[in-house]
Amino acid sequence: MSQTDLSARSLDLTDPATFVENDVHEFWRGVRARNPVYWHEPTDRNPGFWVVSRYADVQPLYTDAALISARGNVLDVVLRGDDSAGGSMVAVTDAPRHRPLRNLMFSAFTPRVLGKVVEEVGRRTTALVSAAVGRDSFDFAAEIADRIPMNTICDLLSVPAGDRGDLLRWNKMALSSVHAEHDELDALGARNEIVLYFMDLAQERRDRPGDDVISLLAAAEVEGRPLTVEELAVNCYSLVLGGDETSRVSAICGVLALIDHPGQWQALRTGEVSVESAVEEVLRWSTPSFHLARTAVRDMEINGNQVRAGDIVTLWTVSANNDEEVFDEPRRFTLSRSPNKHLSFGHGPHYCLGAFLARAELRTLLGALVAQVGRMELRGTPRPIYSNFLNGYDVLPVRFEGR
Ligand code: HEM
């Protein structure tokens, strides 16, 4: 499809191939200009839903109590009916239970626990980058990005090393696929495997507590009662899914962007821009989650459009993060961008619980690249993942020359 054909209603946002086969940024530019809030017509397989594209609309809707998460916060899940973890898993629980559950999970990430984990991220990242430097070609996704976030979150949860490979494999199938024909049954199966795995582990930690996040959650109470094993398992699932996929793709997109913009890499390498500022631009540029889904619990108006109670409303972060009303020349990768109030971690009550850790991982990666790498080049074609939720690639063949 040529870029001029990308009129506001021409793309099927339920089809994972849409996001690989089209210039979606061109599409979103048209939507923001002509049709910033629109009703996505039902397809053969799916009901219709609202699409919200402008930063000025998306940001306040994240905090609007008329929109709830309990029916799911990912479009594919909400389209198929209620999220089975609604009311149990923090990301899909609403007020009043959401706040105490979130506080409990937050309290498990004490500075002492996080400090140890971030130290380990530093050691691991430095070693992985060092092993890759000078090789003729290697897959950055498999050999570096796959090994940092999953190990980090598994360290927090004390998941045995031998089980981490299975979790990574299931995670990669849970929200995306490397094929255009995304099989929702495979995805569902993978999500179930993760929850079943954590039910066993949660029961084990309840019986024999250790010094890890699962044991902490297992020993605590929310609204006067301990979490059930099922509740513990879905919240571990939330941490693994949230902690691995998005961080992994942001690292992959970040390295690809640095290769595509050698001037920006040079600015980072020479210290002309800070690693902290670069991290924020990588997060904006990559926007790991394209959208978040909500359900209206009462009639409401969004930018002149009448939304009915029960309607699905999708907030397109990928569009808001590239809204020219907020970001100057949004499709320029500008590591020194300031201000850079991207919405990649969401906003409001569900603001990402792992933002500190995700930033630390990216900061460590960029720091390790600056310290050890001179030139980076692409050595093959990046392989995109097929998803209407997750942005990025799962293969990135590259060469890193030493400094
Ligand atoms: C929530 C993005 C890393 C755990 C969220 C939300 C977004 C997001 C957009 C809001 C969901 C909503 O409003 O419905 C990201 C990105 C990451 C990242 C882009 C990496 C670049 C992490 C990590 C962890 C994590 C490392 C785990 C340690 C969570 C959890 C929630 C969440 C548990 C739910 C919070 C709540 O509902 O109160 N994340 N995330 N995320 N994230 Fe992350």
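We count ligands from 1, going down the list as the structure has it; atoms in each ligand are counted the same way. These values consider heavy atoms only, across backbone and side chains, with no hydrogens, waters or symmetry-generated copies.
When non-hydrogen atoms are compared, ligand 1 lies under 4.0 Å from the side chain of His98 (C-beta onward) but not from its backbone. Neither the backbone nor the side chain of Leu156 has any atom closer than 4.0 Å to an atom of ligand 1 (non-hydrogen atoms only). With a 4.0 Å heavy-atom cut-off, ligand 1 is reached by the backbone of His350 and by its side chain too. Neither the backbone nor the side chain of Leu343 comes within contact range of ligand 1; no heavy atom lies under 4.0 Å. Using a 4.0 Å cut-off between heavy atoms, Ser250 contacts ligand 1 through its side chain alone, with no backbone atom that close.
Ranking the protein heavy atoms by distance from atom 34 (C) of ligand 1 puts Ala91 CB, 3.8 Å first. In this structure, atom 13 (O) of ligand 1 lies nearest to the protein heavy atom Arg294 NH2, 2.7 Å. For atom 28 (C) of ligand 1, the closest non-hydrogen atom on the protein side is Ile153 CD1, 3.5 Å.
Taking a cutoff of 4.0 Å between a charged side-chain nitrogen and a carboxylate oxygen, Arg71 and Asp83 do not qualify as a salt bridge.
The shortest N or O to N or O distance between Tyr62 and ligand 1 is not below 3.5 Å. Residue Arg102 has at least one nitrogen or oxygen atom sitting less than 3.5 Å from a nitrogen or oxygen atom of ligand 1, judged on distance alone.
Listed by atom number, the atoms of ligand 1 under 4.0 Å from Pro349 heavy atoms are 38 (O). With ligand atoms numbered from 1 in the order given, ligand 1 contributes 2 (C), 9 (C), 19 (C) to contacts under 4.0 Å with heavy atoms of Ser344.
Any protein N/O/S atom under 2.8 Å from atom 43 (Fe) of ligand 1 was counted, giving 1 altogether.
Annotation: Phe138 is in aromatic contact with Phe400 [ring centroid separation under 6.0 Å].
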> Checking side-chain hydrogen bond (donor to acceptor under 3.5 Å, both in side chains) for the pair Gln203/Asp207: CA distance, chi angles, key distance, verdict?
Replying inline: CA-CA 6 Å; Gln203 188 60 58; Asp207 298 342; 3.2 Å; yes
